[in-house]
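Structure, as structure tokens:
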Number of protein chains: 2
Amino acid sequence: MQRLLNIMPLSRWLQTYQTQHFVSDLIAGIIVAIILVPQSMAYAMLAGMPAEYGLYGAMLPLTLYALLGSSRNLSVGPTAIMSLMVATSVGELNPESSTQYIEYAINLALLAGLFLFLLWLLRLGDIINFISHPVISGFTSAAALLIITSQLPHIIGVEQAQKEEFIYVLVELWHSLENTLPITLILGLVALVVLWFFLKPLPSLLKRSSLPVTAQQTLSKTGSMFVVVLSTLAVALFDLEQVHQVKIVGAVLEGLPALSGIVVNFDLWSRLALPAVLIALVCFLESTSIGTGLASKRHERIVPNQELLALGAANLGAAFSGSFAVAGSFSRSAINYNAGAQTTIASLISAVLVCITLLYLTPWFYYLPKAALGAIVIVAALPMIDVSSFRRCWNFNKVDGLTMLTTFSMVLALGVERGILFGIACSMLLLIYRSSRPHIAVLGRAGESRDFRNIKRQNVSTQNNILVVRVDENLYFANTRYVEAYILQHCAPNSELRHLVLSCIAVNFIDASALETLEGLIIKLRNMGITLNLTEIKGPVMDRLNKTPLFDHLLPGRVFSTTDDAMGALASVSPH
Amino acid sequence: MQRLLNIMPLSRWLQTYQTQHFVSDLIAGIIVAIILVPQSMAYAMLAGMPAEYGLYGAMLPLTLYALLGSSRNLSVGPTAIMSLMVATSVGELNPESSTQYIEYAINLALLAGLFLFLLWLLRLGDIINFISHPVISGFTSAAALLIITSQLPHIIGVEQAQKEEFIYVLVELWHSLENTLPITLILGLVALVVLWFFLKPLPSLLKRSSLPVTAQQTLSKTGSMFVVVLSTLAVALFDLEQVHQVKIVGAVLEGLPALSGIVVNFDLWSRLALPAVLIALVCFLESTSIGTGLASKRHERIVPNQELLALGAANLGAAFSGSFAVAGSFSRSAINYNAGAQTTIASLISAVLVCITLLYLTPWFYYLPKAALGAIVIVAALPMIDVSSFRRCWNFNKVDGLTMLTTFSMVLALGVERGILFGIACSMLLLIYRSSRPHIAVLGRAGESRDFRNIKRQNVSTQNNILVVRVDENLYFANTRYVEAYILQHCAPNSELRHLVLSCIAVNFIDASALETLEGLIIKLRNMGITLNLTEIKGPVMDRLNKTPLFDHLLPGRVFSTTDDAMGALASVSPH
């Protein structure tokens, strides 16, 4: 029992839990629920599922994360990116019916959950280190663009395109502009304006009011709910569905989800495996980056490995309650924090409210127009397009900018899965390419001091028979040939040269290729009558080199602790 | 004209060419030809081509390299690895007839040559930097094993296996042991013993003799020729082919090659493209590493870009004279150097001798037994199995050892092409994984000095309100999360902490992911009431960071040139 409690961070928090904490959690839970209900339905539509499946994904997953998660504020449930990834992954498998579509989505969540569990068991959370920031950023921006274009048909009232390629969707959209339904368009635009009003001008207007802060916060978060209620009323009262063909959500299944939909089908699972791995990685990546940010505001840390367990459980929970893959939501987690949530009790309260919605309120959503849900998705996705991040990246470093641009265009051109894989491969290749031509400096003595500096940057004195070179990079396979060529090029024309001193102050590791190259360099230099000497080797590198015969092979070359020592000892020595 | 001469290193060497140089070149050219003729025919057999095609590959390619190459001693022509790669690449395309097989091999050489030309035009020779030493070493050893097993059927006198997988070939060999032809086996074993005798005991025996050094050298290199002549005589005199079913080379086409075999077939070319790229890379890699080694013995350097041109021309030459892909041969280049060749005139002489062989001597090879050629290939491939290199690699660094082992087993399991690609991918992933958990040290002041050292390695003094941390690695996407987690973990429990000092002395570059993480870290630390300060930033990193708003965001944290300066300034400051 104690062990079970130990793996539940919530049980620790409850040891110091007080009434005032519960009041804060209650308020935060209600505020989050107000945005969670419409968002869940909207993201279900984005994922290609009926609206109630979004609500399912906001109940059990939220509860499981609340029990197991190490972040007090992360709000788990359907998110825009997850829904997009589900839609593309399932869509590519060409399900034959909507029942099969739902089945595929459920099993995708199952596999993603199992993969997160596997990472937890193997403590392999480090796997996300292979995904660089430019890749994530390029991916997110492209995904947001895909999400927004996917919702535009709902706003203008036409059928959605069947393919996922961005260009194709745009062309389809262009062709269907003439079929725009005016009343649907008006509904959609009004919804967008109302959502924008709640997002931008309202909070500052409220600040000037005399309302208590909690009421201000709650009010400013009711935008989505307001749009849902108002647009539903409009459709129902003016019979917009019959008269103006406004598309509505229709019958939302009442009651709690049945535990079904999971099938043991290895053929299906093998086809879902790669998308599931990518969804799990993106889920973990998004959630932990949101979680760390919020935790630091409390002087706390999240435990990445605990997050693997909690997110794995949340996705399994999604699968068992018949829903699709979930992750931590950026917007809802921030709202949860700002509303003052103290523990994940707030999330449990949100889950209970979603449950009540499912039990008693679903008939009220019958006339909810899809245009309103589309508007909610668009407004949530807009901030994900991050142009400034690209500009910053490009200015800082062309290589990173290129990675971001590549990922962005590949996600648009090839789809989310292949796009992100392409971006990851690209970032690795460019990383290796970048360090394949390291900065190398020829050094000289600065004045009468013991310090040796770059002859190009400072006024230094050198000796004809000794060349001092410093490589500002780890020595490994990608740069070892370049370093060797540089050294031989600087040694060959100088017939007076007798000693080469290689300063290893900036070398944090040496791999087998570099070791091999050093061995070869010793012989090549010896053929020229030059000795190789090493200085300022770092502790860990020294430990490793001591296991090899390199230092014996150096002879008569030697290892010195400083370049100054080397110069003193070598100045008078002839090598042979 | 002058420009044309400029791209021919030979024309420069000829400006100081003297009679004594020509005598040296003549002797070296003859010695190399003595080994080149039998080796070429043997490697043709390994490549799955008739014997004369090996001789074709030893004529025009050798001549073109002699005119364009920047190495005085590299001997270009058929090599064991190239022949193996040709055999597997062409074999995988399932040619329908031996005519088609030859056509495929010729077009493969054409594409490899064009790809080398392309690299030359784009000056992209650096591409080989992506292939690490353990990958090359694992690849070579596995290739040697494949080469040797492929020749064993010739030695025991059975049919060759049709598949390329190592295990399959071994099983086939096991099953066909019962069909061993005794006389063929005896011929093969005798050939192996004779070759071994010429390789090992003979040179030392000759050294004790009173023969001139040139004669000694020439004699010790005649092993292959000796085996060829002797075994041919044995087969012809005792009618071994008819009586004992000894397989012979048969009619070797007399005369020079016809310029044919190249077809413009984009479908074929697209299927040959990937193998051609890999063959070109391995050719460039092998040749330049042999070339650099020999050049350094003369205090010279080879020009990698010139080598791309020369090797590209050599492979195009191979294609136009109807042969298969060629590269610099390790054994023949070393023989060329040791025999005293001064310029590539030696190679031109070898080429002329091969030409004479083709014109007048081919009928003499009719009775040459395949067992003898198999023995020549085996003896040439044996030294390529490099167990000591694996042991050294493994002892030095488990990661490199693992890369080598992976490449080795993947080449055996999946074949040469997929094996080398797998090895390259593996070395990149492991490289990134290795640097994803860098060495990080908490520092303290060593005694009363200005130096700060690792608190775990030395006796140092620290201050409660300042934490000094040094990261011994470049900051980039794969390790940035680890570094952040490490810092937050060390900051969270210490409530007295006010300043964090991050020493960047070992940081040679910072990528966009790390910049983003630093920006986030500033905020997270500020949330805890701690400032972030940077010290000892290197010049190139500083230049780059100055383009970003990072230093403004640091405030009230600052940038100091030394840790000592930082400690002095921060000791008395409270951050907020």
Side-chain angles (χ1 to χ4, degrees), chain A residues 126 128-134 292-293 296-301 304 392-393 395-397 399-401 427-429 431-432 434-439 457 472-474 476-479 481-482 485 488-489 492 506 508-509 511-513 515-517 520 523-524 527-528 538-540 544 547-548, chain B residues 126 128-134 292-293 296-297 299-301 304 392-393 395-397 399-401 404 427-429 431-432 434-439 457 472-474 476-479 481-482 485 488-489 492 506 508-509 511-513 515-517 520 523-524 527-528 538-540 544 547-548:
Chain A
D126 286 349
I128 49 165
N129 290 342
F130 288 88
I131 308 177
S132 75
H133 178 80
T292 353
S296 77
K297 296 196 182 183
R298 297 183 173 274
H299 294 214
E300 291 179 349
R301 296 193 320 114
R392 214 165 349 118
C393 218
N395 285 339
F396 176 60
N397 189 327
V399 170
D400 283 314
S427 67
M428 288 186 189
L429 284 176
L431 170 77
I432 292 175
R434 171 167 47 191
S435 59
S436 73
R437 299 174 150 267
H439 179 250
R457 292 209 174 205
D472 284 342
E473 186 59 78
N474 302 319
Y476 74 102
F477 66 83
N479 61 28
R481 289 189 193 84
Y482 177 84
L488 291 178
Q489 199 173 0
N508 299 312
F509 77 73
D511 80 349
S513 303
L515 183 68
E516 204 74 20
T517 305
I523 294 166
K524 287 167 194 161
N527 290 337
M528 301 183 186
K538 293 196 168 180
R544 189 145 274 178
K547 287 193 227 155
T548 73
Chain B
D126 286 350
I128 49 164
N129 290 341
F130 288 89
I131 307 178
S132 75
H133 178 80
T292 358
S296 75
K297 297 197 180 183
H299 295 214
E300 291 180 349
R301 295 192 321 111
R392 216 167 345 121
C393 218
N395 285 338
F396 176 60
N397 189 326
V399 170
D400 282 314
M404 194 185 284
S427 68
M428 289 186 188
L429 285 177
L431 171 77
I432 293 175
R434 172 166 47 193
S435 58
S436 72
R437 300 173 149 266
H439 179 249
R457 292 208 175 204
D472 284 343
E473 188 58 80
N474 302 319
Y476 75 102
F477 65 83
N479 61 28
R481 290 189 193 85
Y482 177 83
L488 292 178
Q489 198 173 356
N508 300 312
F509 77 73
D511 80 349
S513 304
L515 184 68
E516 204 74 21
T517 304
I523 295 166
K524 286 168 195 162
N527 290 336
M528 302 183 186
K538 294 197 167 178
R544 189 144 275 178
K547 287 193 226 156
T548 74

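Each chain gets a letter, A, B and so on, in the order its sequence line appears, and its residues count up from 1. Predicted, not measured: the structure shown is a model, and the values here were computed from it.
Both the backbone and the side chain of B/Leu488 come within contact range of chain A, each with at least one heavy atom under 4.5 Å from a heavy atom of that chain. Only the backbone of A/Asn395 comes within less than 4.5 Å of a heavy atom in chain B; its side chain stays farther off. Both the backbone and the side chain of B/Ser427 come within contact range of chain A, judged by heavy atoms closer than 4.5 Å.
Applying the side chain to side chain donor-acceptor pair (under 3.5 Å) test to B/Arg392 and every residue at least two apart in sequence or in another chain returns A/Glu516. For B/Leu429, the side-chain contact (heavy atoms from CB on, under 4.5 Å) partners are A/Phe130, A/Met428, not counting sequence neighbours.
Between chain A and the options B/Leu431, B/Asn397, B/Thr548, B/Asn474, the largest number of non-hydrogen pairs under 4.5 Å is found for B/Leu431. When each of A/Leu515, A/Asn479, A/Val399 is scored by its heavy-atom pairs under 4.5 Å with chain B, the top score falls to A/Leu515. Most heavy-atom pairs under 4.5 Å with chain B: of the set A/Tyr476, A/Phe509, A/Phe396, this distinction falls to A/Phe396. Between chain B and the options A/Gly401, A/Gly539, A/Ala478, heavy-atom pairs under 4.5 Å are most frequent for A/Ala478. Most heavy-atom pairs under 4.5 Å with chain A, from the set B/His439, B/Arg481, B/Lys547: that is B/Arg481.
Checking side-chain atoms of A/Asp400 against main-chain N and O of A/Pro134 turns up no donor-acceptor pair under 3.5 Å.
Residues A/Tyr482 and A/Ser436 are not in side-chain contact: their nearest non-hydrogen atoms beyond the backbone lie 4.5 Å or more apart.
When every heavy atom of A/His133 is checked against every heavy atom of B/Ser513, the shortest pair comes out as N-OG, 2.7 Å. Across every non-hydrogen atom of A/Ala506 and B/Lys538, the tightest pair is CB-NZ, 3.2 Å.
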